Amino acid sequence: MKDTPTRRTVLKTIAGTGIAAVGTASVLPGITDADATGDIPSHYLDQYRQTGTNWGLDWTYLAGIGWVETQHGQYEPGCDTSPAGAEGPMQFIPSTWDAYGVDGNGDGVANVCDYQDAIPGAANYLTASGAPGDWDSALYAYNHSWDYVNHVKDTAADYRARYGDGGGGGGGFSDGDRITPTTALNTRHRPGTESEILATMSPGTVGEIMNGPTNEDGYTWWGVHWLADDVWGWSVERYLTNA
């Protein structure tokens with residue numbers, strides 16, 4: 001598990017290197033605030049939900065971005081490019097993709113034009129920019145327009161109402177839920193990456209959510225009682241899934 005850059009570090013990097021957020025002009029022509037929110041194609045819906053689980057984020061924000069930017073790849077016959085030079089279904093400026101792109105499908109290539117890479121790449125960038133603790137700042141970093149931020153949030157709320165709770169980012173679990181790690185996962189004395197490691201739990205280990213969520217060091221943490229080992233500690237939501 002690697003540490004996530006703080007919002008201050010990300011902004012310093014952007015200012016010092018010219019790495020831009022996706023940018024107001026990145027939204028492809030024909031996409032306006034007046035567009036009625038459309039349905040999510042099943043393959044995109046699966047990817048949004050899986051990415052939300054993997055990154056500890058409310059997947060409906062990812063879907064909101066995907067709709068506002070390209071209507072879930074509708075404007076991507078190959079790899080459409082906006083007038084600002086943004087590419088792919090989640091509309092990344094190339095320099096931003098170079099910094100935050102992800103090989104989401106494990107084929108060895110981080111391809112901005114592939115939704116299975118672009119959606120996790122968006123999650124990576126949003127997390128580095130403040131999500132899930134500060135969605136407004138994260139979305140503003142993605143596109144420097146408060147109208148855009150509000151449009152994405154409204155779209156996410158619409159999807160939440162239509163498709164169910166977005167989970168993640170402080171809403172992924174409830175007290176009493178049984179969970180297991182998706183990877184070898186440290187559980188700590190308190191929330192935070194500098195806190196004492198009490199144990200490292202293996203995938204398949206079952207725990208029960210007892211407390212949380214709380215945000216610390218760029219992560220969402222849950223208090224867990226790891227049942228078989230009788231260990232009580234705090235672990236990062238991104239690496240937990242329902243048992």
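Keep in mind that what you see is a predicted model, and the values were worked out from it rather than measured.
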For a side-chain contact (heavy atoms from CB on, under 4.5 Å) check, start with the C-alpha distance between His43 and Tyr115, then their side-chain angles and the critical distance, and finish with the verdict.
CA-CA 9 Å; His43 59 301; Tyr115 75 97; 3.5 Å; yes
Roughly how far, to the nearest 0.5 Å, is the CD atom of Gln74 from the OH atom of Tyr44?
10.5 Å
Evaluation steps, side-chain contact (heavy atoms from CB on, under 4.5 Å), between Glu208 and Val224:
CA-CA 5 Å; Glu208 182 178 359; Val224 181; 5.9 Å; no
Check for me, please, whether Met201 and Ile197 land in the same ILVMFWY cluster - side-chain distances under 4.5 Å, paths through other members count.
no
Can you tell if the side chain of Thr70 reaches within under 4.5 Å of the side chain of Gln91, non-hydrogen atoms only?
yes
Show every salt bridge (Lys or Arg N to Asp or Glu O under 4.0 Å) that has at least one partner inside residues 83-100, sequence neighbours left out.
none
Ring pair (Phe, Tyr, Trp, His ring centres under 6.0 Å) involving Trp97 - partner list, sequence neighbours excluded:
Phe92
Side chain to side chain, Pro181 and Thr183, heavy atoms closer than 4.5 Å
no
Tell me who clusters with Trp232, hydrophobic residues only, linked when side chains sit under 4.5 Å apart either directly or through other members.
Met210
With Asp136 via side chain to side chain donor-acceptor pair (under 3.5 Å) - residues at least two apart
Lys153
If you compare all heavy atoms of Pro89 against all heavy atoms of Gly73, which two are closest, and at what distance to 0.1 Å?
CB-CA, 4.2 Å
How about Leu126 and Tyr142: do any of their side-chain heavy atoms sit closer than 4.5 Å?
yes
Determine whether a donor-acceptor pair (N or O, by modelled atom type, separation under 3.5 Å) exists between the side chain of Asp134 and the backbone of Gly130.
no
Taking only residues two or more places apart in sequence, or in another chain, which ones meet Thr155 in a side-chain contact (heavy atoms from CB on, under 4.5 Å)?
Thr37, Trp67, Val68, His151, Tyr159
Other ILVMFWY residues reachable from Leu227 by side-chain steps of under 4.5 Å
Val206
My understanding is that only residues two or more places apart in sequence, or in another chain, count here; which of them pass side-chain contact (heavy atoms from CB on, under 4.5 Å) with Thr241?
Thr53, Thr180, Thr182
Side chains of Glu69 and Tyr148: donor-acceptor distance under 3.5 Å anywhere?
yes
Checking Asn54 now: which residues fulfil side chain to side chain donor-acceptor pair (under 3.5 Å) with it, not counting sequence neighbours?
Gln50
Side chains of Asp147 and Ser145, donor plus acceptor under 3.5 Å
no
Please name all residues satisfying side chain to side chain donor-acceptor pair (under 3.5 Å) with Thr187, sequence neighbours left out, ordered by chain then number.
Trp226, Ser235
Looking at Ala63 and Ile40, what are the two nearest heavy atoms and their distance?
CB-CD1, 3.9 Å
Go through Thr200 and Asn186 one step at a time and tell me if the side-chain contact (heavy atoms from CB on, under 4.5 Å) criterion holds.
CA-CA 4 Å; Thr200 300; Asn186 292 332; 2.8 Å; yes
The reported gap from CG in Leu198 to CZ in Arg190 (rounded to nearest 0.5 angstrom) is 10.0 Å
Between Gly85 and Ile93, which heavy-atom pair has the shortest distance, and what is it?
C-CD1, 4.2 Å
Ignoring hydrogens and angles, tell me if any N or O in the side chain of Ser129 forms a donor-acceptor pair with the backbone of Tyr125 under 3.5 Å.
yes
Validate the cation-pi geometry between Arg160 and Tyr61: distance from NZ or CZ to the six-membered ring centre under 6.0 Å, angle to the ring axis within 45°.
yes
Any donor-acceptor pair under 3.5 Å from Asp177 side chain to Ile209 backbone:
no
Any chance you could lay out the side-chain contact (heavy atoms from CB on, under 4.5 Å) test for Ile65 and Leu139, step after step, and finish with the verdict?
CA-CA 9 Å; Ile65 291 171; Leu139 293 171; 3.8 Å; yes
Side-chain (Arg188) to main-chain (Thr193) donor-acceptor, under 3.5 angstrom
yes
Between Tyr48 and His72, is any side-chain donor less than 3.5 angstrom from a side-chain acceptor?
yes
I'd like to check the salt bridge (Lys or Arg N to Asp or Glu O under 4.0 Å) partners of Arg162; sequence neighbours left out, ordered by chain and number.
Asp39, Asp158
Using a 4.5 Å cut-off on heavy atoms from C-beta on, say whether the side chain of Asp103 contacts that of Val109.
no
Taking Ser82 for the side chain and Ala86 for the main chain, is one N or O donor matched with an acceptor at less than 3.5 Å?
yes
Would you say Gln47 and Pro120 make side-chain contact, with heavy atoms under 4.5 Å?
yes
Can you confirm whether Tyr239 sits close enough to Ile179 that some side-chain heavy atom of one is under 4.5 Å from a side-chain heavy atom of the other?
no
Under the side chain to side chain donor-acceptor pair (under 3.5 Å) test, residues paired with Gln116 that sit two or more places apart
Asn105
Set of side-chain contact (heavy atoms from CB on, under 4.5 Å) partners for Ala123, sequence neighbours left out
Thr51, Trp55, Leu57, Leu62
Which heavy-atom pair separates Tyr163 from Arg49 by the least distance, and what is that distance?
O-NH2, 3.0 Å
